[in-house]
Amino acid sequence: MEDMADYVAMWTDNENQRLLQSEIVESAPFEFLNPCSVIYRQLCPFCFIPNPTITTSLLQLATATAIADSISSLRPAATPSRQPPLAPSPPSTCDHRLNLANTISFTATTFSHLKLYSPTDSAPPSSDPNREAGEDGEAYEEVKAVVTKERGGVVGPFANDEVRRIEEDELRIRELCDSLTQRMDLSQELMILLPCNPLSSSSLSLHHHLSDAAPATLLLKNPFSAAAIPSSSSLNYNTIINSNSNSNRNIRRRRRRNKASDSFIIMASKNVRTNHFLRHVESMKLLPSGAGHISHLNAVILGESLATEENDFVLPSNDFADQANVKSPQQYMEMYKRSIEDPAGFWSDIASEFYWKQKWGDKVCDENFDVRKGKIKIEWFKGGITNIAYNCLDRNIEAGLGDKIAIYWEGNEPGLDGSLTYTQLHDRVCQVANYLKDIGVKKGDAVIIYLPMLMELPITMLACARIGAVHSVVFAGFSSESLSQRIIDCKPKVVITCNAVKRGSKIIYLKDIVDAAINDSAQSGVSIDVSLVYENPVALKRVDTKWKEGRDIWWQDVIPQYPTTCPVEWVDAEDPLFLLYTSGSTGKPKGVLHTTGGYMVYTATTFKYAFDYKPSDVYWCTADCGWITGHSYVTYGPMLNGATVLVYEGAPNYPDAGRCWDIVDKYKVSIFYTAPTLVRSLMRDGDEYVTRYSRKSLRVLGSVGEPINPSAWRWFYNIVGDSRCPISDTWWQTETGGFMITPLPGAWPQKPGSATFPFFGVQPVIVDEKGVEIEGECSGYLCVKSSWPGAFRTLYGDHERYETTYFKPFAGYYFSGDGCSRDKDGYHWLTGRVDDVINVSGHRIGTAEVESALVSHPKCAEAAVVGVEHEVKGQGIYAFITLVDGVPYSEELRKELVLTVRKQIGAFAAPDKIHWAPGLPKTRSGKIMRRILRKIASRQLDELGDISTLADPSVVNQLIELADA
């Protein structure tokens with residue numbers, strides 16, 4: 001219980017309130033009038049004697065409620081001059097059956113009306129402790145009757161000034177409600193900001209009068225009332241809660257001094273568009289629990305097991321919050337507010353922590369986010385001269401981290417491992433950089449990297465950055481056709497690869513794929529003169545590797561010969577750093593271009609805060625560097641912070657499903673960042689593979705790539721993290737460069753499956769189909785207004801497509817392509833792609849890309865691909881196939897189609913289901929109705945909707961009949 005009490009106290013704005021809270025809990029004189037103290041001592045709040053039904057939940061609830069809603073009205077006191085009257089001769093236990101509803105009802109009522117004794121109060125005459133209250137006698141008796149009823153007949157003392165205040169508030173509330181009903185349409189949603197206790201009589205009266213005036217949604221705003229108003233109580237309105245940031249105690253003091261300053265603010269909040277950027281995070285700042293279902297106290301503190309679907313809050317422990325980089329909602333709000341109101345100052349201060357050969361000019365940020373105003377442009381720190389590789393390596397060595405481990409490497413086979421210190425990593429990077437310069441690679445030239453997760457992958461990335469070359473890492477799982485597309489688009493000076501890699505028990509011959517891609521690109525007029533090949537003898541011996549003399553060069557034959565020092569190529573902050581291709585809805589991959597300065601500052605900052613990074617941490621991100629996660633949170637973000645990074649070559653379930661946790665124990669991993677796909681896969685394998693290992697080193701967990709479903713979140717938290725580790729469930733994209741919406745461990749409670757709140761400098765908005773911002777609880781299209789340092793600058797060679805894809809759908813905003821819901825507490829829930837891109841195990845795959853591969857088969861006349869839910873992969877690929885006339889359906893042909901996709905794109909893009917389709921549902925204009933296909937694929941046949949507009953409605957029944965064929 002001490003944890004809960006301390007936790008609630010931690011969120012109070014005033015240190016005096018913290019002291020007061022401790023006195024409330026500990027001071028015996030408060031025992032019979034303070035519900036918090038009564039419940040703490042496991043006394044029945046109605047008769048003040050021991051009650052066996054007092055539970056931990058009631059203790060926590062009463063504590064949160066009492067402290068939150070009434071602490072301002074209590075005063076620490078010496079032993080009162082007179083103890084309040086007690087029920088005569090109480091028995092040892094009572095028979096009241098307590099539940100959350102009646103306990104909180106008591107707490108609300110008594111704290112609204114009771115006044116504590118103190119030496120300055122006049123004690124009631126001993127002969128009549130419940131005397132008439134002078135001219136306020138009628139109101140006094142009314143209040144006394146309410147409280148007497150709630151307390152089971154036990155009456156406590158009241159003070160005249162409290163009754164007078166209640167009566168004055170009642171009059172003001174009535175006047176306000178009369179004014180509202182005359183001047184406003186109360187059928188719309190109202191937001192009412194009350195600078196007073198939500199459970200005081202005035203607030204209860206406002207509930208009562210407004211609900212009588214109109215059955216409108218009432219939005220009462222006050223700091224802790226989500227904890228105070230249970231859904232089962234008589235105050236069960238659809239409430240959203242917030243308040244003035246000052247404590248109620250200070251507000252009441254001001255009220256006594258200046259009645260005119262105490263005002264109510266009324267505003268309509270339905271279909272409102274506003275520029276108030278803090279509107280969806282301010283409520284979180286003021287709530288110790290984040291709000292939501294805390295009315296049932298469905299919350300646990302780190303260290304307790306979140307066992308059921310009903311428990312849906314995880315609160316940081318005091319110990320974790322005390323050491324966190326962001327310790328509270330207040331600290332987050334201060335930083336967030338500045339990052340939006342003064343982005344230039346906020347990001348300049350952070351950027352100054354890095355090394356700049358030359359500082360940027362007066363204009364920190366120059367942007368145009370609105371296509372209606374001209375060409376889209378985003379620039380950060382332009383004119384600043386720096387180098388990201390220097391900041392990752394040289395700066396850390398100069399700071400004394402030269403002997404610190406930069407990379408631990410774990411091979412596919414258990415027992416195969418290695419490591420590099422920051423000094424050793426610097427030397428290897430310089431050797432590769434010198435080689436690249438020697439073969440003619442210079443600033444601005446492209447380099448294709450097609451490597452598995454060896455240490456040589458981040459080494460090569462850093463080497464390119466050191467000399468100003470633009471690296472383009474291609475995931476070593478893409479097919480030769482996909483690799484060829486990227487070679488043709490960026491025209492690299494060199495391709496760097498590996499002869500083969502072993503993933504689990506399977507050998508993948510990477511060089512064969514590269515050879516085929518180079519041959520294909522040559523036919524399109526793009527030739528590759530140099531292919532640098534790393535020998536990986538565990539997978540394939542040198543003598544068994546196919547070779548082309550004059551073009552292919554062994555890494556081990558040349559790189560070690562070069563010097564371990566290499567001059568840095570200083571670049572402008574807006575010079576390109578890397579290209580990373582991502583799937584598009586047109587079938588052609590998009591070359592996302594990130595520049596140097598803003599990306600450097602943003603990835604370093606997001607890594608530091610989202611993972612609560614500490615210098616002693618060992619960090620493991622399971623992502624491949626072929627994806628943006630491997631760029632930002634395997635290589636650049638961690639190393640810019642001087643972190644120790646683990647790189648793993650193999651499969652997470654090889655040789656068994658316990659491999660991840662074996663690695664965690666071996667290297668004492670403290671931060672573990674992975675994809676929901678892996679979580680679900682390991683969850684399916686069973687808890688025993690996890691629990692056989694210690695995992696005591698784990699401190700923070702993370703999720704990336706797709707929304708994590710709540711059940712997987714709970715398993716990740718309960719089993720993997722032993723209910724000790726907060727989960728940073730991050731939302732971001734290849735295009736954003738870094739985290740956009742993410743929990744900050746220690747700063748606020750988490751909801752399983754929610755990405756929670758925006759990172760510093762990010763202004764997410766949810767819009768409807770017309771581009772109008774939606775307020776409050778809603779679902780819609782997720783957009784971002786105003787730029788952030790890590791944003792991508794263009795699509796390589798196609799700025800028009802850049803604007804059309806991301807900025808024209810909703811003018812004035814960056815359109816993410818994702819759907820999003822925001823709950824009543826302001827928490828964000830990502831709902832997946834709304835365009836024609838499928839997210840399979842975190843891999844974004846364009847439907848057009850898969851369809852193109854399918855129809856390349858000579859027997860396939862037409863294909864339509866949709867995404868469906870998949871237990872492990874998040875989304876699976878479901879393909880409807882129309883064959884050439886006369887070609888029969890067969891299992892052999894089904895396999896051929898799947899293999900065609902595997903060959904042209906990669907195994908990860910292979911369809912999970914081939915659905916034979918005599919025809920596809922099309923409109924009369926020829927447009928395929930994918931909405932109907934999704935419903936059929938998901939077996940939601942009762943939600944097909946109107947199909948009468950189809951050119952041939954009978955096609956739908958044919959598809960349903962062939963669903964299991």
Side-chain angles (χ1 to χ4, degrees), residues 343-344 347-348 350-361 363-367 377-396 426 429-430 432-433 436-437 441-447 449 458-473 490 492 566-580 591-608 625 628 630-641 732 734-738 761 787-796 799 802:
W347 290 112
S348 290
I350 294 176
S352 297
E353 299 173 7
F354 300 93
Y355 180 81
W356 298 81
K357 189 76 171 177
Q358 174 183 307
K359 285 293 182 74
W360 50 91
K363 208 166 189 179
V364 176
C365 175
D366 187 13
E367 69 175 47
K377 179 179 72 171
I378 302 171
E379 293 178 344
W380 283 82
F381 311 111
K382 188 172 178 61
I385 305 300
T386 189
N387 184 284
I388 195 170
Y390 182 92
N391 277 283
C392 285
L393 302 175
D394 306 64
R395 182 175 64 97
N396 286 321
H426 170 274
V429 167
C430 287
V432 176
L436 293 174
K437 290 171 64 177
V441 178
K442 58 185 183 299
K443 178 183 176 182
D445 287 340
V447 174
I449 305 172
I459 286 172
T460 305
M461 295 168 66
L462 290 164
C464 291
R466 193 171 188 86
I467 64 173
V470 181
H471 61 71
S472 180
V473 182
C490 72
C566 178
V568 171
E569 182 72 37
W570 300 106
V571 300
D572 189 274
E574 282 302 318
D575 283 340
L577 174 62
F578 65 85
L579 278 173
L580 188 57
V592 171
L593 178 68
H594 280 284
T595 55
T596 303
Y599 176 84
M600 175 179 74
V601 173
Y602 196 72
T603 53
T605 308
T606 49
F607 174 83
K608 174 183 176 180
C625 286
I628 186 62
H631 285 60
S632 298
Y633 301 112
V634 171
T635 304
Y636 292 117
M639 292 185 187
L640 286 166
N641 283 278
W732 60 300
T734 302
E735 295 87 346
T736 69
S787 71
W788 59 99
F792 74 133
R793 304 307 196 242
T794 190
L795 292 177
Y796 182 69
H799 196 76
Y802 169 72

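The basis for the numbers below is simple: all heavy atoms, side chains too, and nothing from hydrogens, waters or symmetry mates. This is a predicted model, so every value here is computed, not measured.
Residues Ser472 and Pro492 are not in side-chain contact: their nearest non-hydrogen atoms beyond the backbone lie 4.5 Å or more apart. At least one side-chain heavy atom of Met461 sits under 4.5 Å from a side-chain heavy atom of Tyr636. Using a 4.5 Å heavy-atom threshold, the side chains of Val592 and Leu795 count as touching. Considering only heavy atoms from C-beta on, Thr605 stays 4.5 Å or farther from Glu353 through its side chain. Side-chain contact between Pro789 and Met600: absent, with no pair of heavy atoms (C-beta onward) separated by less than 4.5 Å. For the pair Cys464/Leu436, a side-chain contact is recorded, criterion being any heavy-atom separation below 4.5 Å from C-beta on. Using a 4.5 Å heavy-atom threshold, the side chains of Ser632 and His594 count as separate.
No side-chain donor-acceptor contact under 3.5 Å links Asp445 to the backbone of Ala469. Listed for the Thr386 side chain is a donor-acceptor partner under 3.5 Å among the backbone atoms of Tyr355.
No close placement of the Trp347 and Phe381 rings is indicated, their centers lying 6.0 Å or farther apart. For Tyr802 and Phe792, the ring centers are positioned less than 6.0 Å apart.
Between Leu640 and the options Leu393, Thr635, Ile388, Val601, a side-chain contact (heavy atoms from CB on, under 4.5 Å) holds for only Ile388. The salt bridge (charged side-chain N to carboxylate O under 4.0 Å, His left out) test with Glu574 is passed by exactly one of Arg793, Lys377, Lys363, Lys382: Arg793. Considering Val441, Val432, Val571 as possible partners of Ile467, the one that fulfils the side-chain contact (heavy atoms from CB on, under 4.5 Å) test is Val441. None of Thr794, Val470, Thr596 except one satisfies the side-chain contact (heavy atoms from CB on, under 4.5 Å) rule with Pro576; the exception is Val470.
Side-chain N/O atoms of Thr736 and Tyr602 include no donor and acceptor closer than 3.5 Å. Residues Trp380 and Thr595 have side chains that never bring a donor and an acceptor to within less than 3.5 angstrom of each other.
Taking 4.0 Å as the cut-off between side-chain N and carboxylate O, Lys443 and Asp572 do not count as a salt-bridged pair.
Using a 30° and 60° split on the angle between ring planes, His471 and His631 fall in the tilted class, from 30° to 60°.
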